[in-house]
There are 2 protein chains.
Amino acid sequence: MSQTVDRALSILPLLAEGPADLGQVADRLGVHKSTALRLLRTLHEHGMVYRQSDQRYRLGARLIALAQEAMENLDIREIAHPHLVRLNEQCGHTVHLAVYEEDEVLYIDKVESRYPVRMYSRIGKPVAITVAAVAKLLLADLPEHERRALADKLDYPLYTARSTPNAPAFLRELEKVREQGWATDLGGHEESINCVAAPIRGADGRVVAAMSVSAPNVVVTADELLSLLPLVRRTADDISGEYSGRTSAKGTV
Amino acid sequence: MSQTVDRALSILPLLAEGPADLGQVADRLGVHKSTALRLLRTLHEHGMVYRQSDQRYRLGARLIALAQEAMENLDIREIAHPHLVRLNEQCGHTVHLAVYEEDEVLYIDKVESRYPVRMYSRIGKPVAITVAAVAKLLLADLPEHERRALADKLDYPLYTARSTPNAPAFLRELEKVREQGWATDLGGHEESINCVAAPIRGADGRVVAAMSVSAPNVVVTADELLSLLPLVRRTADDISGEYSGRTSAKGTV
DNA sequence: AATGGACGTTGCATGACATGCAACGACCGA
DNA sequence: TCGGTCGTTGCATGTCATGCAACGTCCATT
């Protein structure tokens, strides 16, 4: 691996925390100022970082544009979207689509109940991996050794009293999710929010994505939300079928 | 500028067009396969590219996550600025915009008072975290354990007789601010200066920034300044709406 | 089965180039 | 006016990125 590139890329998450000046970047990288300057200049030429008026650096617009393109290239997203919209029309709640990649789970699509306009605001954000229903489904499908290794590596923040507290509890939960083929998050992330989720599978049966319906319990109780499970699972299965080529888009009404 | 980093970054827009294998990347870059391999490996370690099951590379999840953070950092100031200017035109006083970042509260924008008497502050400078109205709003929104931990860590300098004296008093004040949804600083930082502040919230309801109007009491009394509260809150809500995508900026269709 | 080709991967010798140093200029606060 | 901080630049050094060639593997073809 390349030391120079490694250093340059290390600057990006550093700047994601907030703007930083040259000296701060150099310190955090453990290199000379002039070295940091050259790296930042190169990043700047590619638009990955932006230099604001006070001369401090922050992440650049090009990064955002690239990420947009990256998401549009995910074909699961394209296939799933109309199904998510239809589900949203039927139940009225927020619908999420998420994928797993290298120790992270990301929301890649969202249909917000109250607003017809597609919102990108939260898309791309890593989800609370230890409690989110979609995360459980995606991790439950990993080979056992990977699952175990990942569970040990994770932090288990106690968002609420119902958050998954530690690795053993998480592994037990994943086992349960694996067997039943669906998952919930009942107030594990935010006290008043419940989710119910179902997996989307590829032709080989492996889970390629997961979708969920979320609603605050001031709108519907957990039981009422759970009654949507058959509908959620059917939607997920429809997407699975289309993604793996078993059915066409037109076939599902 | 660094040749190695330059080449590595050139891979990203290339992959944005769609997945590519090692040979294609090497060709497009005009380098040897082994060179391209090393660059891709480094990118991979940082999560910027992802290797899908057919061994082809595509843009990775970390890129999307980074972009998400970048947007959240970039947007608020740009969106807020015209609103701040308009508010300043209406009331004539100094207007501040601040965000919370790693145990600090920073001013990220400021519109100067039209009155000759101006208060000292600088964009990018940490605010007096224990007394500033914007700081109270931003800290009041933190999860309780973080709030408590931070309150214990802070110093409580007695700028004036009305400065917050210690952690318990600060936590009580934060609780009050949290409930009422706005905050003031009446001579807590400088004897003669009063502020009134309101929170700006993202789509998920969390406080992403705070804005305030400040004026010395030789210009307006505290009561007169407080009468501006509805206007300040309305401005903050307008910014919140635009930031979270519920409304669009004026002039854009 | 056998063979050829395409592709990813790995040590290695070479020199291109990234690095740290020191010096300079600009800016800010005292 | 002066000292201090910060960004910037030219340069000598040697680190480290590079291309080469060889190897392993997987398919498709014969």
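All values reported here derive from a predicted model rather than from experimental measurement. Proteins get letters first, then strands, A, B, ... in listed order; numbering begins at 1 in each.
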Judged by nearest nucleotide, the residue sitting upstream toward the 5' end of DNA chain D, A:Val5 or A:Leu22, is A:Leu22
In this structure, how many angstroms lie between the [atom2] atom of [N] and the [atom1] atom of [X], rounded?
X	N	atom1	atom2	value
B:Lys33	D:dG19	NZ	C1'	12 Å
A:Leu43	C:dA18	CG	P	13 Å
A:Gln55	C:dA26	CD	C1'	10 Å
A:Leu37	D:dT5	CG	P	20 Å
A:Asp6	C:dT19	CG	C1'	15 Å
A:Arg38	C:dA18	CZ	C1'	7 Å
B:Leu39	D:dG19	CG	C1'	13 Å
A:Gln3	C:dG20	CD	C1'	12 Å

Selected nucleotide, minimal atom distance to [X] side chain, candidates [options]:
X	options	answer
B:His32	C:dG8, D:dA21, D:dG7	D:dA21
B:Tyr57	D:dA17, C:dT9, D:dT18	C:dT9
B:Thr35	D:dT18, D:dA17, C:dG8	D:dT18

| said: Taking 4.0 Å as the cut-off, does a side-chain nitrogen or oxygen of A:Arg41 come that near to OP1 or OP2 on D:dT9? | reply: yes
Would you say A:Arg7 reaches C:dT19's phosphate, i.e. side-chain N/O to OP1/OP2 under 4.0 Å? yes
ask   = Looking at A:Lys136 and A:Glu175, does any basic side-chain N land under 4.0 Å from a carboxylate oxygen?
value = no
Fill in: Ion pair B:Arg51/A:Glu101, N-O distance below 4.0 Å
no
- Query: Is there a side-chain contact between A:Ser10 and B:His46, using heavy atoms and a 4.5 Å cut-off?
  - Reply: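 A side-chain contact under 4.5 Å exists here.
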* To do: Report yes if the side chains of B:Val213 and B:Leu231 come closer than 4.5 Å at any heavy-atom pair, otherwise no.
  => no
- What does B:Thr4 touch in the nucleic acid at a heavy-atom separation under 4.0 angstrom: a base, only the sugar-phosphate, or nothing?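 Sugar-phosphate: the residue B:Thr4, judged by heavy atoms under 4.0 Å, touches backbone atoms but no base.
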- [ ] Indicate, with a heavy-atom threshold strictly under 4.0 Å, whether B:Ser34 touches base, sugar-phosphate, or nothing.
- [x]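 Base, at least one base heavy atom under 4.0 Å.
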The reported gap from CG in A:Leu97 to CD1 in A:Ile108 (rounded to nearest 0.5 angstrom) is 4.0 Å
